[in-house]
Protein chains: 4
Amino acid sequence: MNDQRGRPGRKRSEESRRAILTAAAELTAEVGYASLTIEGIAARSGAGKQTIYRWWPSKADVLLDALATKADLHIPIPDEGTYEADLRAFLAATFALGSRPQVVELLRALMAEAQINAAFGERFREMFLAQRRAALGTIVERAVARGELPSGLTSQTVIDIVFGTLWYRVLAAHRPVDQALIDELVTVLTTRRQS
Amino acid sequence: MNDQRGRPGRKRSEESRRAILTAAAELTAEVGYASLTIEGIAARSGAGKQTIYRWWPSKADVLLDALATKADLHIPIPDEGTYEADLRAFLAATFALGSRPQVVELLRALMAEAQINAAFGERFREMFLAQRRAALGTIVERAVARGELPSGLTSQTVIDIVFGTLWYRVLAAHRPVDQALIDELVTVLTTRRQS
Amino acid sequence: MNDQRGRPGRKRSEESRRAILTAAAELTAEVGYASLTIEGIAARSGAGKQTIYRWWPSKADVLLDALATKADLHIPIPDEGTYEADLRAFLAATFALGSRPQVVELLRALMAEAQINAAFGERFREMFLAQRRAALGTIVERAVARGELPSGLTSQTVIDIVFGTLWYRVLAAHRPVDQALIDELVTVLTTRRQS
Amino acid sequence: MNDQRGRPGRKRSEESRRAILTAAAELTAEVGYASLTIEGIAARSGAGKQTIYRWWPSKADVLLDALATKADLHIPIPDEGTYEADLRAFLAATFALGSRPQVVELLRALMAEAQINAAFGERFREMFLAQRRAALGTIVERAVARGELPSGLTSQTVIDIVFGTLWYRVLAAHRPVDQALIDELVTVLTTRRQS
DNA sequence: GAATAAACGAGACGGTACGTCCGGTCTTCAT
DNA sequence: ATGAAGACCGGACGTACCGTCTCGTTTATTC
């Protein structure tokens, strides 16, 4: 990826990169995404503006990178044996993540930016949303293979419903995702129906 | 509301108001929300900037007002006799609305702004989202009264799932709401379960 | 002047006029001429902006009017019997006026405006400067008639030198006109020379 | 003065500086000082507004700089041997300058601004007026040393009378400084008196 | 080791839009 | 017809950031 093979010249400074990502995350928490500026990130991190523009196309991309760098945000793909248990485990992991206000704020900002800036939207969808969909997709496909999915439901729709409901609570309702919601979602998406 | 009784001074110009709302809507369609500016709206509408700032706190509020002024966006509360039919009718109406690209673009922009600007978020939730929730709420409450709601499902969760899935398709998936999704949503949210 | 004979409609309010002139003078003293605005005068005086625009073409004209209304600013034309005594009396009267800071401030502002706004400059010259020149002119002409003027000096130049020096101290030197200056001016402009 | 030794960052653009000063001078000549705007200067010079604000506190300071940059405005200190000849030479040089309408307009505007804006007034007095006073001061001091000054006249008063009369003609009388005035001034300020 | 080349902090640059202020005009209702 | 109130269009203000462009300096690779 970062094709540094034998190129002359100074190497990218990992120190600067970290300082920039940290400054961006802190500033977002302190002043909010709307008041976050490239100049502010540069000033806080001690980097020059050009250094930021050299490596990221926008402030949203800096934050997306900062998010991706947080290793602990990884949501594992559970394998509990049954579709219901897997789904419940997946939702519980997501729920845990949702209880960290700073992360939630970041996600709201990035989703917003994705609506306004089409190019970033593309990157956000590919680098973030698609990965989450893939994780849940694995679980649902397993259920399909086992015949556990309720009839009349495609796996894509299950995924849309799960993520849609979670995002809606964050974006529109401003209510945290809670245990009750998880229970109801699992109920709706798993229980077999009468003919 | 606009208590003009016997107040001295010139009255608010309805002509300017219309010109501003129209210009804002047109410009959003032409250049996109990100490139929409108050100055641009003023120039296009022939109004002074101050006139815009006097009546709306931000460009998003202008668009929200423009949206509210479009009478044809009203979603009726159907009463077809059964919960399933009502829900299907409600979704069909929403689906029809979603097939108008300009409206969808507007909604995406407003939802984005609501994430970034907390004060506008409050207004957007109260003046737009709450009304839609109330409409669907009426339908669902009727179902509850009739005992048609699947057990283990609260009416608020039904609403979250419905709007969540619709918004998710618009915001994250960039896939239009289609008939297949409607069918699956209705299936999931109506069918009685085996004990 | 104010030809109100038999005109229909409400008469000009003397109360408003006074309030406006007072407010303008006070505001100039409080915030300075640069920060004086028509809106400010209207607000302070309780008048509408239109009322001010109806009767004065600019804020400088309001102040010029306020100045003219101050009756005590009148400089009498002395007649002491000799040119030297007259000149000294005239300068003493002007000197007394120059010791009132507010008046000096006003004069500085009006002279400044006269440079920047040609139309007002014309009015200022005619309504203020010309009157002062005429007063001193009477004195000097009397001296000419008596043969008291030093040879090689025209009356216009005497006037230019007197007012020039006084204004210069106010505008450029920021030093008050004092007794020493008066003495020296009198000396220069009266003493007969050796052939 | 401009201590650029080893400072990091891009250097100030001399090209921009020149373009701004030229544009300001031209615009003043074309539309007058009252209609001169920072935005206009920026537009005409091709510079950004911020570049102007970075280096000059007001439009008057831009003009003062433009004036100072005009090398040909320098008034030499003559040394003709006698006070009278020196004074006459100094006045002739000033008179020549006064016959350039653009320069006179500029001086009127700056003197006006100096009345209205106290901070600029200070700069104008120090950077322009004081230099002229110093030049004439040299001449007059020489006369004092030689005992050529009329008795009862201090050197400061001579300077006040000279500059006062010149400025008054420009500011108040709107009559150019002419040869007759020079002659009369020299007469008044040099001739010995009868006891 | 010298030359070359890239990245770095710093900061000036041309731009664009911001939100505010005020100018001068125009209703509106009351006197 | 005047007057107070206040909305209107217009234009400039001074500021904040954008994204780009020098600068001088530091660090690496190649000759």
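Chain naming here is simple, since letters A, B, ... match the order of the sequence lines and numbering starts at 1 in each. Just so it is clear, the values below take in all heavy atoms, side chains as well, and ignore hydrogens, waters and symmetry mates.
Atom CD in A:Glu15 sits about 17 Å away from atom P in E:dA7, given to the nearest Å. Rounded to whole angstrom, the span from the CD1 atom of B:Ile52 across to the C1' atom of E:dT20 amounts to 14 Å. The distance between atom CD1 of B:Ile41 and atom C1' of E:dC18, rounded to the nearest whole Å, is 13 Å. If you take CZ of B:Arg7 and P of E:dT27, they are 18 Å apart, rounded to a whole angstrom. The distance from atom CZ of A:Arg17 to atom P of E:dG9 is 14 Å, rounded to the nearest whole Å. The distance between atom NZ of D:Lys11 and atom P of E:dG9, rounded to the nearest whole Å, is 21 Å. In this structure, the CD1 atom of B:Ile20 is 10 Å from the C1' atom of F:dC8, given to the nearest Å.
In this structure, of E:dC29, E:dC13, F:dC8, it is E:dC13 that holds the atom nearest to the side chain of D:Arg54. Closest to the side chain of A:Ser16, out of F:dC8, E:dC8, E:dC13, is E:dC8.
When all heavy atoms of D:Gly48 and D:Ala42 are compared, the closest pair comes out as C-CB, 4.2 Å. Pairing each heavy atom of D:Ala24 with each of D:Ile41, the nearest pair is CB-CD1, 3.9 Å.
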List every contact pair, protein side and nucleotides 21-25 of chain E side both N or O, where the distance is under 3.5 Å.
residue	atom	partner	partner atom	Å
E:dC21	N4	B:Gln50	NE2	3.1
E:dG23	OP1	C:Ile38	N	3.2
E:dG23	OP2	C:Ile38	N	3.4
E:dG23	OP2	C:Glu39	N	3.4
E:dG24	OP2	C:Tyr53	OH	3.2
E:dG24	N7	C:Lys49	NZ	3.1
E:dG24	O6	C:Lys49	NZ	2.8

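No side-chain donor from either of B:Gln115 and A:Tyr33 sits under 3.5 Å from a side-chain acceptor of the other.
Residues forming a salt bridge (Lys or Arg N to Asp or Glu O under 4.0 Å) with C:Lys49 (at least two apart in sequence, or on another chain): C:Glu39.
At a threshold of 4.0 Å, the pair C:Glu15-C:Arg18 does not count as salt-bridged, since none of the basic side-chain nitrogens sits closer than that to a carboxylate oxygen. Ion pairing between a basic and an acidic side chain is recognised when a charged N comes within 4.0 Å of a carboxylate O; A:Arg123 and A:Glu113 show no such pairing.
Close to F:dG3, at under 4.0 Å from its OP1 or OP2, lies a side-chain N or O of C:Trp55. The phosphate of E:dG14 (OP1 or OP2) has a side-chain N or O of D:Thr51 nearer than 4.0 angstrom.
More than 12 heavy atoms of other residues, nucleotides or ligands lie within 6.0 Å of CD in C:Glu30, so this atom counts as buried by the packing criterion.
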